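Written below as structure tokens is the structure these notes are about.
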Protein chains: 2
Amino acid sequence: MTLTIPKSRCHCRWRRRKEARPEEIVEAALALFVEKGFSATRMAEVAKQAGISKGTLYLYFDSKEKIFHAVIQHFITPMIDEVETLVKNYQGSTEALIKQLVHGWWGSIWNTPLSGIPKLVISEAGNFPDMARFYMENVVKRVRSLLEQIIQTGVQRGEFRDVDIPTVTRLLMAPIIQINIWAHSLRPYDDPQDGDTYINLHIDLFLQGLKKHGQNT
Amino acid sequence: MTLTIPKSRCHCRWRRRKEARPEEIVEAALALFVEKGFSATRMAEVAKQAGISKGTLYLYFDSKEKIFHAVIQHFITPMIDEVETLVKNYQGSTEALIKQLVHGWWGSIWNTPLSGIPKLVISEAGNFPDMARFYMENVVKRVRSLLEQIIQTGVQRGEFRDVDIPTVTRLLMAPIIQINIWAHSLRPYDDPQDGDTYINLHIDLFLQGLKKHGQNT
DNA sequence: AAAATAACTGACCGGCTGGTCATTTAATCC
DNA sequence: GGATTAAATGACCAGCCGGTCAGTTATTTT
């Protein structure tokens, strides 16, 4: 009957695609985890979204939690690697670097499912300590360390006031994390609010508060 | 054998205490919801913590979700009522009012289970829309409205720069909410950080950034 | 082309948990 | 102090879900 069916229009019920599966699974999981949260996401749904059966899921990942772990690792780690090299090679004022970093990060996260990860991690941290530890070590502390170095430099150069570096770093990050968390939790019930306005005013206020008095750029 | 047993040392297996139950249940639920999250908290645990059986729980609340709702209503609403009257009667500089409000709120939330409520609400908002709406209307918007009025006044008096009021209000709240969320999610895996230092620096930076240039108090 | 391999499937299972209700027991009434 | 009321109990149930595995099918090997 059917001779020489092209592979792309195969009538098979399914095809073997060992290499492509893990990434497809991880992408499906991210979308669903962000949409419904970790606990509320059913493995059957992840399978369906990834275009496979539930059994196949377990050929590639031992458990739901392992998928969660893989999601973080797959999407976040490469981004941070990238930012680290950017900072290493940067030439210019501290203020400009902070602006560039925040805007760059913002541009590649906001309006993507990745913006849902902070809320996801925070919501599930209590029930999945391994995941929390991994995120803390591989995301939070690396980002924080970068920002601390930058602000430290700014203080040494006399651009900034001599404040407590770890604390001020957290204060730089807090509103940025916060709006992402908000976007994936209470925003549907809130008045609309423009993200760019928020971020720009945050950087403005933050730098204005941090810079030495009377200094303008 | 045992005649005239004092009520306080009654040998009964249990006692009828219709009036006291709801509050005890709501308090037990708050503690557990904050510790483990809503989904991960078992009704049997809530009952045990409240010193009753699971069946009794359902004499006082129709469902788990209703308890959640009652928790918010019971603990948060009275606090906001209080703050509203405080603000209404306030005489003094805008800056001092903001400081007093933040510190007051901080003092009565931080180091209590109430600090866990924001994380709780955010985590469960997606799965419990009614709860999210209730929290938004009865907590977030009321608090925000108060702060907007205050900052508005500061701008009109010439104390503050002429910034976008709704946005700057969110920026005032964000780090405060954020540290509470953090405390109940990733803090166990993070380096220790003093809350007072954080809040004080936030207010300092925020007001410094918001005040008109060259103005000192 | 048939035998061997391994990717894939989906019905099934065990354990768990929100919610129920027939029964028990404290408190009240007469 | 016996009858009545209603607060409280806890064994039980229905249904859901993460995870399994015996069997199926696409692909490769010989």
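Letters A, B, ... are given to chains in the order of the sequence lines, protein chains preceding strands, and every chain is numbered from 1. Please read these numbers as outputs of a predicted model, since none were measured by experiment.
- When the C1' atom of dG19(D) is taken as reference, atom CD1 of Ile67(A) falls 11 Å away, rounded to whole Å.
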Where protein sits on nucleotides 2-16 of chain D, one letter per nucleotide: B base, S sugar-phosphate only, - none, heavy atoms under 4.0 Å: ---BBBBBB------
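- Note: CD (Glu24(A)) to C1' (dC8(C)) measures 14 Å, nearest angstrom.
- Between Tyr58(A) and the phosphate of dT20(D), there is no side-chain N or O to OP1/OP2 separation shorter than 4.0 Å.
- By the 30° and 60° cut-offs, the orientation of the rings of Phe33(A) relative to Phe68(A) is tilted.
- One finds a salt bridge joining Asp130(B) and Arg133(B) here, because a Lys/Arg side-chain nitrogen approaches an Asp/Glu carboxylate oxygen to under 4.0 Å.
- One can place CD of Glu45(B) at 9 Å from P of dG18(C), the figure rounded to the nearest angstrom.
- Classification of the Phe128(A)-Phe38(A) ring pair by plane angle, with boundaries at 30° and 60°, yields perpendicular.
- With hydrogens and angles disregarded, no donor-acceptor distance shorter than 3.5 Å links the side chain of Arg17(A) to the backbone of Trp14(A).
- In this entry the distance linking CG of Asn127(A) with C1' of dG18(D) reads 15 Å, nearest Å.
- Relative orientation of the His202(B) and Phe206(B) rings is tilted, given thresholds of 30° and 60° on the angle between their planes.
- Rounded to whole Å, atom P of dG18(D) lies 16 Å from atom CZ of Phe61(A).
- Checked by atom type and distance alone, the side chain of Asn89(B) pairs as donor or acceptor with a backbone atom of Thr85(B) at under 3.5 Å.
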